[in-house]
Amino acid sequence: MSIDWITVAAQLVNFLLLIYLLKRFLYRPILDGIDAREAEIAKRMADATQARIIAEAAENNYKKLQAKHLAEQDTLLEQALEKTEAQRAQLLAETRAQLVQEQKDWQTYLEQERLDFIKRLQNAGAATLFALTRKAVHDLADEPLEHTIIRHVGKKLAPLEHTLVAAAGEHTSATVSTHHALPESVQAQLTQELNTLIPNVALSFTVHAEQAPGLVVQVGGVRVEWTIDSYMEEFEALLAENTSAVQLGHQGVSGQSHARKQPGSEHEH
Amino acid sequence: MTIVHLSLSNSSDLPFEWGWLKLNATIVYTWVVMALLVGVSMLVTRNLRPDVPPNRWRSTLEIIVKLIEDQVTEVSHLAVRPVTYFAGTLFLFIAVSNVLLIVPGFRPPTGSLSTTVALTLSVLVAVPLFSISHGGVRHYLRQFIEPTAWLLPFNILSEFSKAISLSIRLYGNVMSGAVIVAILLSVAPFFFPVVMEMLGLITGMIQAYIFAVLAAVYISSAMSDKQKAIKTRKRHE
């Protein structure tokens with residue numbers, strides 16, 4: 001157990017050298033590496049925290065946007081439903097109006113058809129009646145119906161002599177219009193009979209196909225009609241009355257059947 | 001010149017003499033320990049980069065260095081890296097020297113009184129240097145007259161007793177282990193030497209820890225407040 005001071009000095013130098021070398025190759029690299037890694041980890045954690053904050057903010061923003069979009073979607077859906085409902089109601093109203101209008105048109109058309117049919121029926125009936133009358137007169141009296149009417153008109157115009165004279169006044173002509181052209185003998189006979197009532201008046205004969213059989217005398221401002229129109233009107237009135245009765249009878253039957261159907265339809269509901 | 005042919009011995013021996021250069025076994029084995037420590041450190045830390053994950057060797061060194069730093073910080077309550085360098089080097093040098101005791105033919109340099117005296121002198125020099133660098137000359141000198149100037153001789157004597165106790169404790173423990181192993185080898189050459197070698201490893205590590213911790217305590221007490229240093233010293237002693 002002795003101390004060699006040269007060895008002590010050498011060991012001191014060796015130890016100081018070892019401190020330097022370990023500091024250079026061990027402590028500083030290791031501790032600096034640990035510090036750098038800790039700083040890196042801290043930085044990454046801070047970055048992760050920041051990223052998480054950003055992600056949470058983005059998530060919240062996304063949720064808000066999603067909620068907003070859902071609300072907007074609900075609003076749009078509600079608006080679309082309301083708009084669709086309004087359009088549906090409008091279309092239904094338009095359809096109902098169109099149906100009502102078509103029903104009215106159809107009823108108008110039917111009414112028109114009915115009137116036309118009645119008119120045609122009246123015309124046909126009047127024509128048939130006139131033809132039958134003409135045939136009966138021709139068969140029984142052996143002369144046309146117009147001749148019979150004209151021959152009889154003189155007697156009918158006699159009570160109107162003063163009226164006709166007053167109406168003729170200063171007129172020197174009168175007009176006689178018929179459905180068919182009159183033979184000259186009949187025209188001469190009619191001229192003679194009228195001249196006995198209103199002398200010095202020349203007669204002119206005209207034909208109007210649309211005019212009812214008979215004759216119409218126009219003297220000044222007086223117009224005397226001697227046609228079968230009144231009979232035809234009476235015939236049309238009777239026909240219209242009969243067709244209305246038939247129509248009412250049909251409506252009554254259909255109304256009763258409709259009234260019988262009502263309870264059944266109520267039970268079906 | 002090869003070391004292989006040398007007959008190594010302690011500082012009292014003169015195994016190699018070449019002109020004016022005289023090397024004893026203590027210095028040569030110290031160089032072996034130094035080469036081992038520095039070589040391993042260089043190998044492990046040569047490609048050290050923060051972006052590369054640490055391998056197992058680097059992790060081992062990190063654990064050791066971090067353990068040393070934590071121990072020094074816990075003992076001294078100061079996070080001063082030079083203290084860690086100093087105390088850590090003391091621990092590693094003594095621990096590796098003592099562990100290499102199991103290598104046949106290796107004589108630990110810590111078994112030489114010259115080495116322990118050198119280490120103790122380094123501690124005695126380091127204490128005022130750290131204290132002066134930390135608090136100035138007046139702060140260091142004031143410690144010798146605290147709590148009263150009458151204690152100046154005792155404080156000076158205390159400083160020298162520190163050196164003596166440090167050096168004799170380490171030298172005695174290491175040398176006693178070697179002597180006990182030698183005695184047991186002569187008595188029971190097969191079983192007890194193995195057990196004593198194992199105990200020697202534990203004792204060597206404990207001695208390294210005690211020496212390094214006491215050095216850290218001395219330095220930290222000189223760097224910090226006196227009353228606080230007394231409390232810290234009592235707690236660790």
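Heavy-atom pairs under 4.5 Å with chain B were tallied for A/N14, A/I19, A/L12, A/D32; the largest tally goes to A/N14. Ranked by heavy-atom pairs under 4.5 Å with chain B, the list A/L22, A/V13, A/L21 is led by A/L22.
Residues B/F86 and A/F15 bring their aromatic ring centres within 6.0 Å.
Remark: the A/Q11 side chain and the B/T30 side chain contain an N/O donor-acceptor pair separated by less than 3.5 Å.
By the 4.0 Å N-to-carboxylate-O rule, B/K66 lies too far from A/D35 to be salt-bridged with it.
The shortest side-chain heavy-atom distance between A/I34 and B/V65 does not fall under the 4.5 Å cut-off. Contact annotation: the side chain of B/Y85 approaches that of A/L31 to within less than 4.5 Å [non-hydrogen atoms, C-beta and beyond]. Counting heavy atoms from C-beta outward, B/T89 and A/Y27 have side chains that approach closer than 4.5 Å. Here the side chains of B/M42 and A/R24 are not in contact, with every heavy-atom distance at 4.5 Å or above.
Residues B/A118 and A/V8 share a closest heavy-atom pair of CB-O, 3.4 Å. When all heavy atoms of B/T45 and A/P29 are compared, the closest pair comes out as CB-CB, 3.9 Å. Minimum interatomic distance between B/M34 and A/L17 (heavy atoms only, all atoms of both residues): CE-CD2, 3.9 Å.
With a 6.0 Å radius and a threshold of 12 heavy atoms from other residues, nucleotides or ligands, A/I6 has its CD1 atom at or below the threshold. Within 6.0 Å of NZ on A/K83 lie no more than 12 heavy atoms contributed by other residues, nucleotides or ligands.
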Check against side-chain contact (heavy atoms from CB on, under 4.5 Å), A/W5 and B/V117: CA-CA 9 Å; A/W5 292 106; B/V117 168; 4.0 Å; yes
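Interface residue B/L90: backbone and side-chain heavy atoms are both found under 4.5 Å from chain A.
Note that the CG atom of B/N24 and the OG1 atom of A/T7 stand 4.0 Å from one another [nearest 0.5 Å].
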